[in-house]
Amino acid sequence: MIENVYDDEVPNVVEIKETIIETPTVKTFIFPWNITDDIHPGQFVMVWDLHNEKPMTISIIDRENNLMGITIRKAGPFTENMYDNMDVGDLIGIRGPYGHGYELDGYKKVLAVGGGSGIASLAPLTSFYDNVELISASSCADELVFNKRFDSDVVVHKCTDDGSCGFKGFSTQLAEELLQTGEYDVIVGCGPEIMSYKLYELSIKYDVDCQLALDRYMKCGLGICGQCCIDDTGLRVCVEGPVFNKNQLRELGEFGKYRRDASGSIVKY
Amino acid sequence: MIENVYDDEVPNVVEIKETIIETPTVKTFIFPWNITDDIHPGQFVMVWDLHNEKPMTISIIDRENNLMGITIRKAGPFTENMYDNMDVGDLIGIRGPYGHGYELDGYKKVLAVGGGSGIASLAPLTSFYDNVELISASSCADELVFNKRFDSDVVVHKCTDDGSCGFKGFSTQLAEELLQTGEYDVIVGCGPEIMSYKLYELSIKYDVDCQLALDRYMKCGLGICGQCCIDDTGLRVCVEGPVFNKNQLRELGEFGKYRRDASGSIVKY
Amino acid sequence: MLEQEILGMKLSNPLFLAAGILGTTASSMKMVARAGAGGIVTKSFSIEANDGYDNPTIVKIEGGVINSVGLASPGVEAKKEELKDLNEIRDKTPVIASIYGDSEEVFSDVANQTKDYVDAFELNVSCPHAKCGFGSNIGENPELTHDIVSSVKDNIKDVPIIVKLTPNVTDITEIAKAAEDAGADALTLINSVGPGLRIDYKTARPILNNVFGGIAGPMIKPIALKCVYKTYETVDIPLFGVGGIRTYKDALEFLYAGASLLQIGTSIMYEGPEIFKNITHDLSNFLEENGYKNVEEIIGLSHNLG
Amino acid sequence: MLEQEILGMKLSNPLFLAAGILGTTASSMKMVARAGAGGIVTKSFSIEANDGYDNPTIVKIEGGVINSVGLASPGVEAKKEELKDLNEIRDKTPVIASIYGDSEEVFSDVANQTKDYVDAFELNVSCPHAKCGFGSNIGENPELTHDIVSSVKDNIKDVPIIVKLTPNVTDITEIAKAAEDAGADALTLINSVGPGLRIDYKTARPILNNVFGGIAGPMIKPIALKCVYKTYETVDIPLFGVGGIRTYKDALEFLYAGASLLQIGTSIMYEGPEIFKNITHDLSNFLEENGYKNVEEIIGLSHNLG
């Protein structure tokens, strides 16, 4: 039983303190937030632009300065408006964090694979764990996110479809090469579901653990609207997820195959 | 600001564990209660007999056994029903404790004057403070309350109107005799308002401090219905009282003169 | 910053004591005035003295209270004395008399007997725990509401008439419009909600002696805000917002929704009478920090956003 | 201890999943069945797929949530597939389909297309955030309610029809009676309250995209209990009680007030789906400790006290 039955949890409207244009389609927003001990990489917040509201993974958890960040990719009217029109001094409403993040205690070496803006979900891991190596993948050099963010002691394998920066090819190809070394005992990932599903398959093939962040249409973020429930187990992406472990993924029949839209109708990948 | 805005505070229905016939008109009821550190002599509870509800001063605060007691005098249908019909195993609803009790820290010697069942309010003082002497007064020996309750190390001056037990005369006469010794630096009391007002006058005459428990018609016990507000300051008997100190009493123009009934109409003493 | 002049009342701040909370005696209302209230609404009274229901009449529940005091009040004769005693505070703290009745005549009679001692009347046509014929029996019905308000307006020329409405109707704006059409000078939104019911889980016995009771306190705020917002778009007269105001943030929500004035009741249970000074202080600070010159600038602001 | 047979459903316990919570997909409903629900009510659906309103649609507030999902749902074709997928649980966990529409024809059409896959229908004539013509536009009106229920009863002979009512009317018993007279086999009380409004205190902007939203959760319990208690004294058909049930004590209050069956929704937010097992466990213990042989003994008990 939880204690805060009666807490008000309407969006907390905050002023954007800093923005970073990461790529021509990706932008980071940083805002003040009380970073409590229970905020963990892989969790998300509901972001209200004072009109619409969408779930966004947390990309910056800055305990020292009490700042939080989100990193969005232009993918529709909401994110296009945020990219094009929202800047320092503008107000956004944040509620959360919600959901269940990555749990990497006890692993020897973690391979974290971020496809495009999926790296946003993984980046905070590097300040919570010291055994994480990243793959940051995108279509081309211009679209690589967080190029300048990581300390020199963080291992980042860059990867582009066209080879314009780092490994040439898909992130999953690079991941497989690295897994073949046998150094990693868990693979975590966030990105397009086709990538995530391939990572899941790799985790089976190379017999390593696996934790993947999934993305589903969300309304409440509170575990009750049912919009983000995943077949076949009915697990809620907003509560039991967004990061699922290998045992859970094995039961998710819809993973890699389909999702549901705002009405709850099935949309195939 | 208080924390428990959202607490449910409906009556807690408890089973009467023990009853004591104190006198032909006075009876004590003992029931299980979580005795927390904030429960203090002089406070009251709202007692629900599953039909009506009345404020009753707490007469037993038993931390060791987690028991609470109330002591009622037959004075109307509610108390008559409790006296005649309620016994061990019956259920009553309790909410509270409410109000502000006696504060006796820092005094050298306390004279506590209880008229009739008013001693109920004072009796718990003897387990909270070791500098309290009691006057227990009633019309006659049969009506003296708590005759067997107090340890031998508690000084109890008995007093009856007809002299059938102890001092013969009014409690206020005995109180004045004792005050004349100059041993006491505060007088506290609970009983008929005519007695209380006389004690207040004595406290002025003998220049000692004074804390008196007043009784007014109550509905909520929560400080909002306004039924127990006292002229001229509008202090709430259920929150700032029922025990008022000398500075407060000085401002209570209605003290000793009148009270208000269930409608809020003035009833003169 | 918080000053307004509304219905001829010069107000230092918009926070009135709500009807039904404290407000029986002059001394309790003076105490609230000293605590910083901008104005006072008395507890409702009528011609005759009324003991109300037996206890339990008010019990604290999750998020507020449930209450069936049943319009306990001294009759108009006794109340007149209390009102006279309030004259000394009225220049700084206007006093509104909340009155109730079961007919046009009773409302007008009570108003006539007390009109020299008050700055306005608030007609309680919305008490959810009044006996049959009183309270929400009137305010649930647009025609009855119209008739009562018209009649009082005809009889009382020089004192503003405010009508307090119940939220427990299918469409509050219909009643609001009826009251405005009948000449109401302002509306108070909302009286308590429900009514509601609580039952003891051990004995199956309803806790209130009257079984049902109106719900008040923080939990009714979203309902009150809805009523204010919708009514603001329906009528042109000023609105008092009441229902669960406990902090300056709550006050802001009501002002944005369209309330010009506010009333505070149940939250005195949590915060004490000093709630008036606290909210006044916090509200002034907020307005200043956000570059507003007067509270009037934010009244109804939610209706004018893109 | 908790078994009942009502409307032809053999129930292991009286705790149903309420409409609108989870209930979109078969897998989410199976998950709730595994968590111990005695029965399932699906999220409401109609003929066509409906995206509902834009976010924010559900926000947690003090004492519950405010919600204007707007009847988001896949159309009946897609829903039929989800319902078929539930067949495997129906022997142990009956499934009630919540359906909505804006006409007698739509209700009957949706019911006809799905009646082979459900144990009962719950007609949602009470959603407070439906678009015009749907939801509480019907349930606020006794004649409309009567017409819809009669028509569905005429068309659907062999599946029980439950009607879910809105509390946001002047007198819910009037609507309840209309539904009973039209042939309803049971009633569900209550749909969400208000609707309510919350406004951001910094920007003056209503938080919900649809401005208003129904209030659900623990704070509406006293209102729901009042509706159940009053309706129990008005009609003879079984009642589902819903509104703020979070513990076995809440469940007891509803049973005492007269609900034969219960629904749980918002409290899953606080307690998780395991709330069904927890309440079932605590309720059984309470009944046993207090010498009851079956839950039926306490249904309506508050009405039979001295």
Side-chain angles (χ1 to χ4, degrees), chain B residues 1-15 46-55 77-78 90-93 95-96 98 216-236 238-240 251-254 260-267, chain C residues 20-32 34 43 45 48-52 54-67 69 72-75 78-79 81-82 85 198-203 205 207 209 216-219 246-247 265-273 278:
Chain B
M1 189 182 299
I2 62 164
E3 304 263 313
N4 60 335
V5 170
Y6 286 101
D7 279 2
D8 210 24
E9 207 170 281
V10 296
N12 182 11
V13 172
V14 294
E15 192 179 309
M46 296 297 285
V47 179
W48 182 40
D49 67 2
L50 307 187
H51 297 278
N52 207 328
E53 187 191 46
K54 299 280 179 196
F78 185 87
D90 287 335
L91 300 175
I92 52 174
R95 59 190 178 96
Y98 295 121
R216 286 293 179 274
Y217 197 97
M218 279 184 198
K219 295 192 171 178
C220 69
L222 305 164
I224 55 173
C225 77
Q227 206 70 32
C228 67
C229 286
I230 284 204
D231 294 343
D232 300 328
T233 53
L235 289 177
R236 299 167 292 180
C238 72
V239 175
E240 285 83 29
E251 306 289 328
L252 300 182
E254 78 172 58
R260 285 181 173 82
D261 67 11
S263 77
S265 303
I266 286 175
V267 181
Chain C
I21 302 297
L22 303 171
T24 296
T25 66
S27 63
S28 72
M29 293 183 268
K30 285 186 207 169
M31 180 264 283
V32 172
R34 285 195 303 276
K43 199 187 272 272
F45 60 96
E48 304 293 342
N50 174 8
D51 284 350
D54 282 343
N55 281 345
T57 45
I58 307 185
V59 172
K60 188 178 173 202
I61 60 174
E62 295 172 287
V65 297
I66 186 164
N67 128 45
V69 164
S73 50
K79 200 75 182 191
E81 298 308 309
E82 306 281 357
D85 194 10
R198 285 297 304 276
I199 295 172
D200 173 57
Y201 79 95
K202 286 184 186 160
T203 62
R205 197 167 288 275
I207 289 165
N209 198 296
M219 70 165 123
R246 192 172 68 84
T247 72
T266 305
S267 291
I268 291 173
M269 176 173 73
Y270 307 115
E271 309 287 336
N278 293 342

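It should be emphasised that the depicted structure is a prediction, and the values quoted were computed from it without experimental measurement. Every chain is numbered from 1, with letters handed out A, B, ... down the list of sequences.
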#### Entry: Polar side-chain atom of R34(C) near backbone of T233(B) as donor-acceptor pair, under 3.5 Å
yes
### Message
I'd like to know which of S265(B), C225(B), C229(B) tops the heavy-atom pair count under 4.5 Å against chain C.
### Response
C225(B)
### chain C contact via M218(B) - which portion, at a heavy-atom distance below 4.5 Å
backbone
### Query
By a 4.5 Å heavy-atom criterion (distance strictly below it), what part of I230(B) contacts chain C: side chain, backbone, both, or neither?
backbone
### Summary
Heaviest contributor of heavy-atom pairs below 4.5 Å to chain B, chosen from D54(C), I268(C), I207(C), is I207(C)
### Query
Does E81(C) CD have over 12 foreign heavy atoms under 6.0 Å away?
yes
### Query
Measuring heavy-atom distances to chain B, does K30(C) have an atom under 4.5 Å in its side chain, in its backbone, in both, or in neither?
neither
### Query
E82(C) versus chain B, heavy atoms under 4.5 Å apart: side chain, backbone, both or neither?
side chain
#### Entry: Qualifying residues under side-chain hydrogen bond (donor to acceptor under 3.5 Å, both in side chains), relative to T24(C), sequence neighbours excluded
none
## Note on the structure
When the 4.5 angstrom heavy-atom criterion is applied to N52(B) and chain C, the contacting part is both
## Note on the structure
Among G52(C), S73(C), G20(C), the residue with the most heavy-atom pairs under 4.5 Å to chain B is S73(C)
### Message
Taking side chain as everything from C-beta outward and backbone as N, CA, C, O, which of these in D200(C) sits under 4.5 Å from a heavy atom of chain B? Side chain, backbone, both or neither.
### Response
side chain
### Task
Could you please spell out the steps behind the side chain to side chain contact (heavy atoms under 4.5 Å, CB included) verdict for E53(B) and R95(B)?
CA-CA 10 Å; E53(B) 187 191 46; R95(B) 59 190 178 96; 2.7 Å; yes
#### Entry: Part of V32(C) lying under 4.5 Å from any heavy atom of chain B
neither
### Task
Take I58(C) and M46(B) through the side chain to side chain contact (heavy atoms under 4.5 Å, CB included) test and state the conclusion after the steps.
CA-CA 11 Å; I58(C) 307 185; M46(B) 296 297 285; over 6 Å; no
### Task
Please look at K43(C) and chain B and tell me whether the side chain, the backbone, both or neither of the residue comes under 4.5 angstrom of a heavy atom of that chain.
side chain
### Task
Taking Q227(B) for its side chain and Y217(B) for its backbone only, find out whether a donor-acceptor pair lies under 3.5 Å.
no
### Message
Quick one: does any side-chain atom of E62(C) pair with a main-chain N or O of E9(B) as donor and acceptor, under 3.5 Å?
### Response
no
#### Entry: Closest-packed option against chain C by number of heavy-atom pairs under 4.5 Å, given P11(B), A262(B), S263(B)
S263(B)
### Task
Please state whether the side chain, the backbone, both or neither of L50(B) comes within less than 4.5 Å of a heavy atom of chain C.
both
### Task
Using side-chain hydrogen bond (donor to acceptor under 3.5 Å, both in side chains) as the criterion, list what pairs up with T25(C), not counting sequence neighbours.
S27(C), S28(C)
### Query
Going through the checks in order, is the side chain to side chain contact (heavy atoms under 4.5 Å, CB included) test met by R205(C) and V13(B)?
CA-CA 11 Å; R205(C) 197 167 288 275; V13(B) 172; over 6 Å; no
### Query
Looking at A78(C), A72(C), P56(C), which one has more heavy-atom pairs under 4.5 Å with chain B than the rest?
P56(C)
